[in-house]
Amino acid sequence: MTECQYLNRGQIGVYYPLMTKLTKDDVLKLARLARLRLSQEEVEQFSKEFTEILAYVEQLKDTDTEGLKPTYQVNGLATVTRSDEDINYGTAQKDLLSNVPRTKDGHIQVKRMIG
Amino acid sequence: MSGWNEITKIADDVNSGRVSAKENVKKALSAIEKNKEYNVIISTLEEYALARAEHIDSQVKSIKSAGRLAGVPFIVKDNFLAVGSETTAASNILKGFKAPYTSTAVMRLEAEGAICVAKANLDAFAHGSSTENSDFMTTKNPHDKTRVPGGSSGGSAAAVMLDMVPFALGSDTGGSIRLPASFTGAVGLKPSYGLVSRYGVIAMASSTDVIGPITKTVSDAALVLDVMAGKDLLDSTTIDREASYTNLDCSLVGTKIGIVREYFGEGLDPEVKSVIETAIDVLKKNGAEITEVSLPSLPLALAVYYIICPAEVSSNLSRYDGQRFGHSVKDAEDLLDSYEKARAEGFGAEAKRRIMIGTYVLSSGYYDAYYKKAALVRSKLIREFNEAFGKVDFLLGPTAPVTAFPIGQNIDDPLQMYLIDIMTVAANLVGVPSISVPAGSVRGLPVGLQLMARQKADAELLRLAAAYEGVR
């Protein structure tokens, strides 16, 4: 018995039957969207883990949220503005470029994007 | 003497010339050196700190005061950009990244004379509850080297409890300040969302990220908050602050505290439960009015969090693309190759996991079912919290369902690891302040008591925590 036996998932929240099965193909598609290159092992491991995690979070689908609006942020602020003036942040261009892997004439150099 | 005085005394000693800032910095550096086996520190800022100390000492000589935190050494979690230091977020993708500017929180503390001496270990990008997800090392719990200190601010909590410094900064997105505080016996404060500027702190989940202090006493936490809190032009999510957070005079008599029923279900370790029940008795004996409240949607909070958090993480981590900073690939074939390889090589497993789950729940066809639904249930949770605060002024529960678990126990089971956050995530989703204070221990392992107050009622919360600390 592990020390976390009382944390058995069946006791915390409800454990729904697996609604969504993520195939290896699904995982590869997601990896492409997220610009991540995964190894074969990672693809297998992640598709197993995601299926479990998604089963857990899917509990929400039957929750009654009638009459509610979604909350995306909790400080009650919206469209915070400042005056349209130049601000000197005290950080020089060279400082901000100091971590760039490849620069040329003060520009950030990247692979060809168009054509 | 190995321990530290409370912060006001440390600053007073420096400002009066009784103790030099240099002495304090040397003491901190020596404690860091002595405790290497605990894997707490990623990098030390020895040269910087000693130079700062010299500056503070000469300031004291000339104008007799270097600020409210004069000569007080502190440590920050390595997701805080600070004073040109290497800032890694404990991830290989940022190894060697030097901070080109300093976070507002650190600037405000240093403006009052505090001295940043080191960067502490964390779960990489703050993804985790134990520091086992750090790409570099796992921090050990000061009470038991075979156990985790909690996470993700595990390094910060261990630093304070090993007496390296009197306070450390952490970040709390789902419990990452409060959980390690609970596991190590520290005080960990998660202020109201927006109260402390996040400028210069590596973002995890922008609608729940909060930064706060880890200390040994409530009054120390209150002072650090008082110095850091307040609107910042550089962080447009910051809110107005109260005038002072350091007035901690408070009587427990008549204080209305609600015990959250849903926190005391089957998932709570019975021995942890018993420590919390003792704390409740202490509060009752000292005049608090304790009632039971219910937050019926609380069991869903973790599911809401593990949709919203990865979604926001997937967005925030998209900037690590190997083009402008961080790990990059020298022999990429084309742009896509340079993105995919840099990210694959630099990110650890948990970062990848969260990015992909986030990508999934935000992708077209799934957005409504997952992310929007989670945002709706979040509103439901907020409504229930507001209803509860209509009846009581504070909410109470354990900080964690367990005490510090052994290193390696949960690392192969991500979902099991996520369940450790079950008590803490609600406060992040709702935006209310929450504090973990030491309440006792189970077989030598600390147990934290979690107290929550209404949004923006941080001063009140600190008063309650101080009052409990005084009678515990």
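What you see is a predicted model, and the numbers here were worked out from it, not measured in a lab. Just so it is clear: chains get the letters A, B, ... in the order the sequence lines come, proteins before strands, and each one is counted from 1.
Side-chain atoms of A:Ile87 and B:Leu233, non-hydrogen and from C-beta on, do get closer than 4.5 Å to each other. Considering only heavy atoms from C-beta on, A:Leu96 comes within 4.5 Å of B:Tyr101 through its side chain. Considering only heavy atoms from C-beta on, A:Lys111 stays 4.5 Å or farther from B:Tyr339 through its side chain. You'll find the side chain of A:Arg112 stays beyond 4.5 Å of the side chain of B:Leu335, heavy atoms only.
Residue B:Ser236 touches chain A through both its backbone and its side chain, counting heavy-atom pairs closer than 4.5 Å. Using a 4.5 Å cut-off between heavy atoms, B:Asp321 does not touch chain A at all. Contacts between B:Leu298 and chain A at a heavy-atom distance below 4.5 Å are absent for every atom of the residue. With a 4.5 angstrom heavy-atom cutoff, A:Leu68 touches chain B via backbone and side-chain atoms both. With a threshold of 4.5 angstrom between heavy atoms, B:Ile382 approaches chain A through side-chain atoms but not through N, CA, C or O. Looking at A:Phe46, only its side chain comes within 4.5 Å of chain B, counting heavy atoms on both sides. For B:Tyr305, no part sits under 4.5 Å from any heavy atom of chain A, backbone or side chain. When heavy atoms are compared at a cutoff of 4.5 Å, A:Leu77 approaches chain B solely by way of its side chain, counted from C-beta outward. With a 4.5 Å cut-off on non-hydrogen atoms, B:Ala374 touches chain A through its backbone and its side chain both. With a 4.5 angstrom heavy-atom cutoff, A:Thr63 touches chain B via backbone and side-chain atoms both. In this structure, chain A has a heavy atom under 4.5 Å from the backbone of B:Thr238, while its side chain stays farther away. Of the two parts of B:Val304, the backbone and the side chain both hold a non-hydrogen atom closer than 4.5 Å to a non-hydrogen atom of chain A. Neither the backbone nor the side chain of A:Leu97 comes within less than 4.5 Å of any heavy atom in chain B.
Taking CZ of A:Arg35 as the reference point, atom OG1 of B:Thr359 lies at 10.5 Å (rounded to 0.5 Å). Remark: B:Glu312 CD to A:Tyr72 OH distance equals 10.5 Å, nearest 0.5 Å. The CG atom of B:Leu376 sits 10.0 Å away from the CG atom of A:Leu60 when rounded to the nearest 0.5 Å. A distance of 10.5 Å separates CD1 of B:Ile307 from OH of A:Tyr56, quoted to the nearest 0.5 Å. Rounded to the nearest 0.5 angstrom, A:Tyr89 OH and B:Leu234 CG are separated by 5.5 Å.
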| request: Give the intermediate values and the outcome of side-chain hydrogen bond (donor to acceptor under 3.5 Å, both in side chains) for residues B:Tyr193 and A:Gln73. | output: CA-CA 9 Å; B:Tyr193 179 80; A:Gln73 56 99 323; over 6 Å; no
| field | Full working for salt bridge (Lys or Arg N to Asp or Glu O under 4.0 Å) between B:Lys380 and A:Asp64 | value | CA-CA 9 Å; B:Lys380 195 168 189 187; A:Asp64 177 20; 5.2 Å; no
| task | I would like to know whether A:Phe50 and B:Arg353 meet side-chain contact (heavy atoms from CB on, under 4.5 Å); could you show each step before the answer? | result | CA-CA 8 Å; A:Phe50 290 170; B:Arg353 216 174 264 130; 3.5 Å; yes
| request: List the steps and the verdict of side-chain contact (heavy atoms from CB on, under 4.5 Å) for B:Phe325 and A:Val100. | output: CA-CA 5 Å; B:Phe325 42 76; A:Val100 178; over 6 Å; no
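For B:Ser328, there are no side-chain hydrogen bond (donor to acceptor under 3.5 Å, both in side chains) partners at least two apart in sequence or on another chain.
Between the side chain of A:Arg37 and the backbone N or O of B:Glu345 there is no donor-acceptor pair closer than 3.5 Å. With B:Lys373 contributing its side chain and A:Asp62 its backbone, the two residues share no donor-acceptor pair below 3.5 Å. Although no hydrogens or angles enter the test, the distance criterion places no donor-acceptor pair under 3.5 Å between the side chain of A:Thr71 and the main chain of B:Arg378. Counting only distance, with no hydrogens or angles, the side chain of A:Asn99 and the backbone of B:Lys98 share a donor-acceptor pair below 3.5 Å. A:Asn75 contributes a side-chain N or O that, together with a main-chain N or O of B:Thr237, makes up a donor-acceptor pair within less than 3.5 Å.
The residue among A:Ile53, A:Thr91, A:Asp26, A:Leu33 with the most heavy atom pairs within less than 4.5 Å of chain B is A:Ile53. The residue among B:Gln455, B:Met356, B:Arg383, B:Lys330 with the most heavy atom pairs within less than 4.5 Å of chain A is B:Met356. With chain A as partner, the option from B:Lys352, B:His327, B:Gln323, B:Arg324 having the largest number of non-hydrogen pairs under 4.5 angstrom is B:Arg324. No other option in B:Ala332, B:Ser338, B:Gly265 has as many heavy-atom pairs under 4.5 Å with chain A as B:Ala332. The residue among B:Ala344, B:Ser379, B:Ser207 with the most heavy atom pairs within less than 4.5 Å of chain A is B:Ser379. The choice from B:Ile355, B:Asp337, B:Thr208, B:Ile239 that makes the most heavy-atom pairs within less than 4.5 Å of chain A is B:Asp337.
Using a 4.0 Å cut-off between charged side-chain N and carboxylate O, A:Arg32 and B:Glu340 make a salt bridge.
Within a 6.0 Å radius of NZ in B:Lys231, other residues, nucleotides and ligands contribute more than 12 heavy atoms. Heavy atoms from other residues, nucleotides or ligands lying under 6.0 Å from CZ of A:Arg82 number more than 12.
Minimum interatomic distance between B:Tyr360 and A:Leu22 (heavy atoms only, all atoms of both residues): CE1-CD2, 3.8 Å.
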